[in-house]
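First the structure, in the form of structure tokens, and then the observations on it.
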Amino acid sequence: MTVRTRFAPSPTGYLHIGGARTALFSWLHARQNAGAFVLRIEDTDRERSTPEAVQAILDGMTWLGLDWDEGPYFQSQRTDRYREVIDRLLAEGQAYHCYCTKDELDAMREAQREAGHKPMYDGRCRNRSEPREGVDPVVRFRAPDAGKTVADDRIHGRVAFDNAELDDLIIARSDGSPTYNLTVVVDDWDMGITDVIRGDDHLNNTPRQMQILAALGVEPPRYAHVPMILGEDKKRLSKRHGAVSVLQYRQDGFLPEALINGLARLGWSHGDDEVFTRDDLLRLFRVDDVGKQASVFNQDKLLWLNGTYIRAREPAELVEPLTEQLQSRGLDPAAAPADLEAIIASLQERSKTVAEMADTGRFFFADFEAFDAKAAQKNLKPAVEEPLQAVRDGLAGLTEWTAESVHGVIQAVVDARDLKFGKVAQPIRVAVTGGTVSPPIDVTLRLLGQATTLERLDRALVYIRERAA
RNA sequence: GUCCCCAUCGUCUAGCGGUCCAGGACAUCGGCCUUUCACGCCGAAGACGGGGGUUCGAGUCCCCCUGGGGACGCCA
């Protein structure tokens, strides 16, 4: 049987890293087995589902390169089918109408809690034959009272639940709309899903879904419940844990392959290896090898991974993400004084994110307003006026503007005065970049171009003289 | 509270009864390199939650406790 997996998010918010990881695992499992990856939007909660969220999820998956073969299917468009299954269950006596009111149920649960029991529906409407006046009934699934329901999970192994612990859950609301556990079951069945890979917060739903499947006479899929991703405080992930939206990582200058790599290494490993490309994962990943314990997503490690991927990419492959970052800063990539790829190459090994690349390389694309105060204080002192002027004059005389020729000029000034290279290089750096960080000074000047370099050196010279005066 | 799941360095993890005075990675702290910042290299510190078993031998198997997470909704 060909493998069919699915990712079934509810569109109530952005695609967060927990969802992205289960999507990744499902995607990998399908791709490894030449199977199909189905995308299904679980939007039965009309109140909270939004089209913006659907778009955010689609965008996030696309950015990560998690392409789907079928869908997106929308549960909101399948209500007739759910109705059909609910009617069948009703007709077969495997489901029944329940007329209990909210107040009645609350009172019941309260009493159970007080008695030290798990709150659950006691089945009081199971044998009711008469409708109750003025109450629109819900439909409940008649769950078995005795025995066990056993799930054979790829990650957790055999998990057994006492049927006595499972109550008659609502499969249709009083307005007739189907609920989650019913729609999941019907969809996975109709869509021929063979492997359900989802967060283990759903482990408790599994026996319920298996019971409905059994009532329908359908073989359950294979389950793999992957552990949750927790925040730094070991609590469930939420907005308060910083960047959790996949698209936010994009905005922050992360590369999709870094996020994929980082997500895959949460709960899964392959010996001592840390860096996995998409192809590596396709070759080595096994859902069955995923660990059982919940984990915390470590931003520092992702940053390190992102740096390795930035260095691994060809400069040309960074043009697009860098352009995005420059534009979001109001900078014009076309204003680059040199070939954009050459600028990128000079910035690669000192950037952990593309955002950082745009920030440290900012001076290439726009002039700066003022020198960094501390940098100027320390480097643009009267003592450097003379050597700086010498460098300026030497550079002005160059007819060939290369890193080598630039370096030659600076080296000559340094040698003639018996200085250390840095004593001259750093003031130049502050003069042309405004700050203390940039690629090697000869490369920086070469990239900046002769005219701009001379202009900014002159300005720094004026600054030094004014400060001295 | 009840049920389910989980438990190795700060974090992600290796370990599948002896080769573990527990290995790798990130972070941290030293050092080297150096034209700044980085990159790179070298080194240090840092963990088997506790208690019982089983066994010649337990990080590895079993039980209990503790701790954490999840579920218990006319949310998904």
Side-chain angles (χ1 to χ4, degrees), chain A residues 8-12 42-45 47-49 75 98 100 102 105 109 112-121 136-140 151 153 155-156 159-162 164-167 169-175 177 179-181 183-184 199-207 225 227-228 230 232 234-236 262 265-275 291-305 307-308 311 347-352 356 360 375 379 407 410-411 414 420-426 428-430 433 435-444:
Chain A
S10 62
T12 53
E42 311 217 321
D43 56 351
T44 51
D45 183 350
E47 305 285 296
R48 300 197 295 154
S49 300
Q75 291 191 323
C98 169
C100 293
K102 179 103 167 56
L105 293 174
R109 284 193 270 255
Q112 289 165 331
R113 243 180 234 281
E114 235 152 77
H117 295 298
K118 164 155 54 173
M120 47 192 272
Y121 185 63
D136 288 327
V138 298
V139 178
R140 285 184 187 272
D153 193 271
I155 292 168
H156 290 277
V159 184
F161 297 83
D162 268 323
E165 291 289 336
L166 277 10
D167 63 1
L169 74 256
I170 293 172
I171 55 177
R173 303 185 183 95
S174 47
D175 66 359
S177 64
T179 59
Y180 172 72
N181 280 297
T183 57
V184 169
D200 69 8
D201 47 337
H202 285 292
L203 195 51
N204 288 292
N205 287 322
T206 304
H225 286 92
M228 315 240 69
L230 274 21
E232 303 280 353
K234 301 262 190 165
K235 293 276 190 264
R236 201 193 176 111
R265 276 289 286 103
L266 271 194
W268 176 84
S269 66
H270 183 262
D272 286 342
D273 301 341
E274 294 290 350
V275 180
K292 301 173 182 179
Q293 64 272 50
S295 46
V296 175
F297 194 39
N298 187 229
Q299 298 294 320
D300 284 331
K301 193 157 185 174
L302 179 66
L303 224 33
W304 168 75
L305 268 175
T308 73
R311 273 170 263 135
L347 259 14
Q348 266 173 306
E349 71 179 14
R350 64 206 85 238
S351 306
K352 282 191 159 61
E356 192 184 333
T360 55
N379 297 287
H407 188 268
I410 300 173
Q411 191 67 59
V414 165
K420 288 197 65 175
F421 196 90
K423 285 291 178 196
V424 178
Q426 198 61 353
I428 299 174
R429 176 169 284 114
V430 176
T433 73
T436 56
V437 176
S438 88
I441 198 64
D442 47 6
V443 175
T444 300

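A, B, ... follow the sequence lines: proteins, then strands. Residue 1 opens every chain.
Nearest to the side-chain atoms of A:Pro440 among the listed nucleotides B:A25, B:A76, B:U36 stands B:U36. With B:C72, B:A27, B:A76 as the choices, the nucleotide that has an atom nearest any side-chain atom of A:Asp300 turns out to be B:A27.
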- Nucleotide by nucleotide, nucleotides 3-10 of chain B touches protein heavy atoms under 4.0 Å in the pattern (B base, S sugar-phosphate only, - none) SSSSSS--
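Note on A:Pro439: a base of the nucleic acid sits closer than 4.0 angstrom, heavy atoms only. A:His202 comes within 4.0 angstrom of a base, heavy atoms only. At the heavy-atom level, A:Ser174 lies under 4.0 Å from base atoms of the strands shown. Looking at heavy-atom distances under 4.0 Å, A:His270 makes no contact with the nucleic acid at all. Nucleic acid contact class of A:Glu42 (heavy atoms, under 4.0 Å, all strands): sugar-phosphate only. Among the atoms of the strands shown, base atoms are found under 4.0 Å from some heavy atom of A:Ile441. When heavy atoms are screened at a 4.0 angstrom cut-off, A:Thr436 is found touching base atoms of the nucleic acid. When heavy atoms are screened at a 4.0 angstrom cut-off, A:Thr433 is found touching no nucleic acid atom at all. Counting non-hydrogen atoms under 4.0 angstrom, A:Gly435 reaches nothing in the nucleic acid.
Using a 4.0 Å cut-off between charged nitrogen and carboxylate oxygen, A:Arg350 and A:Glu356 do not count as a salt-bridge pair.
Applying the side-chain contact (heavy atoms from CB on, under 4.5 Å) test to A:Ile170 and every residue at least two apart in sequence or in another chain returns A:Val138, A:Arg140, A:Thr179.
Between A:His202 and A:Tyr180, the closest side-chain pair of non-hydrogen atoms falls below 4.5 Å. You'll find the side chain of A:Lys420 stays beyond 4.5 Å of the side chain of A:Val414, heavy atoms only.
Contact between the side-chain N/O atoms of A:Ser295 and the OP1/OP2 oxygens of B:U13 is found at a separation under 4.0 Å.
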Strictly under 3.5 Å: I want the nitrogen or oxygen pairs between protein and nucleotides 38-42 of chain B, one per line.
unit_1: B:A38; atom_1: O2'; unit_2: A:Glu349; atom_2: O; d: 2.3
unit_1: B:A38; atom_1: N3; unit_2: A:Glu349; atom_2: OE2; d: 3.4
unit_1: B:C39; atom_1: OP1; unit_2: A:Lys352; atom_2: NZ; d: 3.0
unit_1: B:C39; atom_1: O3'; unit_2: A:Arg311; atom_2: NH1; d: 3.2
unit_1: B:G40; atom_1: OP1; unit_2: A:Arg311; atom_2: NH1; d: 3.4

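Nearest heavy atoms, A:Asp442 versus A:His407: OD2-CD2, 3.3 Å.
One cannot find a donor-acceptor pair under 3.5 Å joining the base of B:A71 and the side-chain atoms of A:Asn205.
The nearest whole Å value for the distance from the CE atom in A:Met228 to the C1' atom in B:A71 is 11 Å.
Side-chain atoms of A:Ser295 do not come within 3.5 Å of backbone N or O of A:Leu266 as any donor-acceptor pair.
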